[in-house]
J.: 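Sharing a structure below in structure tokens format, with a few things to ask.
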Amino acid sequence: MRELELPDVQDVMLEYRKIKLLYRSALKEIGTKLEILNDEFKLVHQYNPIEHIESRLKTDESITRKLIRKGKEITVENIQKYIDDIAGVRVICSFTPDIYRIVDMISSQDDIEVLKTKDYMLNPKVNGYRSYHLIVRVPIFLSDRVVPTKVEIQIRTVAMDFWASLEHKIYYKYEGNTPEYIKKELKECADLVTFLDSKMLAINEEVRSIREENKE
Ligand code: GTP
Ligand code: MG
């Protein structure tokens, strides 16, 4: 049976390669939009809300695994329909209010359609994970048609990103069976990150108000 299924999957992935251009282009579109917003924000408010931006295309292997995990047949239609994070952009901000500023600025653009949002800032996951996730659709203009294309945007602070990258590594190391005491320690670190983010924000506000006073 397996020998019969395998070439099918390869055919599908070959076909999928033709639409990969869309996702690659969507990453560029979103990346440019974010850079423009950051530059404009810098002009108006004298600081960059975005520390840096990372983007990636999901690997073919990871796409196939995700469809199997979701119990879906491997077809190009299913890839487009069920995988929201083929194109993924991560926006790393300085302070928590910057996250919502970016969310509002991106969501209100006319050509952006917000399909889904998950506010793990307001509702952190039990493990302590905090970030804001958006699934958006952006139009990609080809020679003869326009194709709305999905992008997953994850927005978080530098401190949250530091936590998430370590948590992700540990999760993979234990193949999802992280021992309870490590989970507990990671949760404690997540709480420290929350504290750190609010403390750093308070210091920043303080410094800003002193600067404003001196201007007057
Ligand atoms: P997948 O996890 O991608 O299947 O999608 P989902 O429907 O669960 O969406 P969700 O928005 O919860 O997560 C999307 C992505 O956010 C993940 O693929 C990770 O990159 C990141 N993420 C979500 N939860 C965690 C977490 O607990 N820890 C870390 N490090 N990253 C997370
Ligand atoms: Mg998940």
Side-chain angles (χ1 to χ4, degrees), residues 13 16 20 22-24 26-27 30-31 34 50-93 96 98-100 102-104 106-107 112-138 149-197:
M13 293 322 278
Y16 158 68
K20 227 186 214 174
L22 290 172
Y23 294 100
R24 219 179 297 123
L27 284 183
I30 296 292
L34 289 164
I50 299 175
E51 286 278 339
H52 66 275
I53 300 168
E54 295 164 15
S55 64
R56 66 102 184 92
L57 274 186
K58 205 174 188 70
T59 62
D60 290 8
E61 195 202 330
S62 177
I63 289 173
T64 317
R65 262 192 281 123
K66 197 160 188 174
L67 273 187
I68 294 170
R69 182 156 57 84
K70 286 178 176 255
K72 305 292 177 197
E73 202 187 331
I74 317 274
T75 65
V76 173
E77 292 72 34
N78 284 351
I79 292 176
Q80 288 181 288
K81 187 166 173 196
Y82 295 111
I83 315 259
D84 291 340
D85 63 342
I86 296 175
V89 177
R90 191 169 287 158
V91 187
I92 315 297
C93 297
T96 37
D98 296 331
I99 297 175
Y100 291 102
I102 306 283
V103 170
D104 291 344
I106 276 286
S107 310
I112 295 239
E113 188 189 347
V114 178
L115 300 178
K116 214 190 285 177
T117 59
K118 282 189 193 167
D119 189 347
Y120 292 128
M121 307 281 306
L122 207 59
N123 304 300
K125 288 177 60 169
V126 280
N127 62 1
Y129 180 77
R130 286 164 75 241
S131 282
Y132 196 106
H133 295 184
L134 292 155
I135 306 293
V136 302
R137 214 153 42 184
V138 63
T149 305
K150 278 189 271 190
V151 179
E152 180 189 77
I153 309 176
Q154 299 178 356
I155 314 172
R156 56 177 76 139
T157 64
V158 190
M160 289 173 199
D161 191 50
F162 174 49
W163 181 93
S165 56
L166 181 63
E167 192 270 345
H168 182 75
K169 274 184 212 146
I170 293 173
Y171 185 86
Y172 269 86
K173 199 183 201 86
Y174 288 105
E175 292 169 338
N177 298 309
T178 310
E180 282 308 316
Y181 77 97
I182 303 247
K183 280 193 198 165
K184 191 167 160 273
E185 291 193 346
L186 278 170
K187 175 65 172 63
E188 278 171 23
C189 289
D191 293 341
L192 287 173
V193 163
T194 306
F195 173 76
L196 187 63
D197 270 336

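In this chain, numbering begins with 1 at the start of the sequence shown. As the structure lists them, so they are numbered: ligands from 1, and atoms in each ligand from 1.
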J.: Between R90, K118, K58, Q154, flag the one that comes closest to atom 6 (P) of ligand 1 by a heavy atom.
T.: K118
J.: Could you give the distance from NZ (K125) to NZ (K187), rounded to the nearest 0.5 Å?
T.: 13.5 Å
J.: Among all residues two or more places apart in sequence or in another chain, which pass the ring-ring contact (aromatic ring centres under 6.0 Å, His included) test with H168?
T.: Y172
J.: Only pairs under 3.5 Å count here: list side-chain donor-acceptor contacts from residues 173-185, not counting sequence neighbours, and write none if there are none.
T.:
| unit_1 | atom_1 | unit_2 | atom_2 | d |
| --- | --- | --- | --- | --- |
| E180 | OE2 | K183 | NZ | 3.3 |

J.: Which option wins on minimum heavy-atom distance to atom 14 (C) of ligand 1: K169, K66, E152?
T.: E152
J.: Describe, in one word, how the ring planes of Y129 and Y120 are oriented to each other, choosing from parallel (under 30°), tilted (30 to 60°) and perpendicular (over 60°).
T.: perpendicular
J.: Would you mind reporting whether R24 and L57 have side-chain heavy atoms less than 4.5 Å apart?
T.: yes
J.: Counting heavy atoms only, which part of D84 comes closer than 4.0 Å to ligand 1: side chain, backbone, both or neither?
T.: neither
J.: I need the atoms of ligand 1 closer than 4.0 Å to a non-hydrogen atom of A164, numbered in the order shown.
T.: 30 (N)
J.: Could you tell me whether K66 and D84 make a salt bridge, using a distance below 4.0 angstrom between a side-chain N and a carboxylate O?
T.: no
J.: If the cut-off is 4.0 Å to any non-hydrogen atom of D85, which atoms of ligand 1 fall inside it?
T.: 3 (O)
J.: Identify whether the distance between the nearest side-chain nitrogen and carboxylate oxygen of D60 and K20 falls below 4.0 Å.
T.: yes
J.: Determine, using heavy atoms of Y120 and all atoms of ligand 1, whether some pair is separated by less than 4.0 Å.
T.: yes
J.: Can you sort out which atoms of ligand 1 are near N127, meaning under 4.0 Å from one of its heavy atoms?
T.: 26 (C), 27 (O)
J.: Consider every N or O of S165 and every N or O of ligand 1, then say whether any pair is closer than 3.5 Å.
T.: no
J.: Have a look at R69, H133, H168 and point out the one with the heavy atom closest to atom 13 (O) of ligand 1.
T.: H133
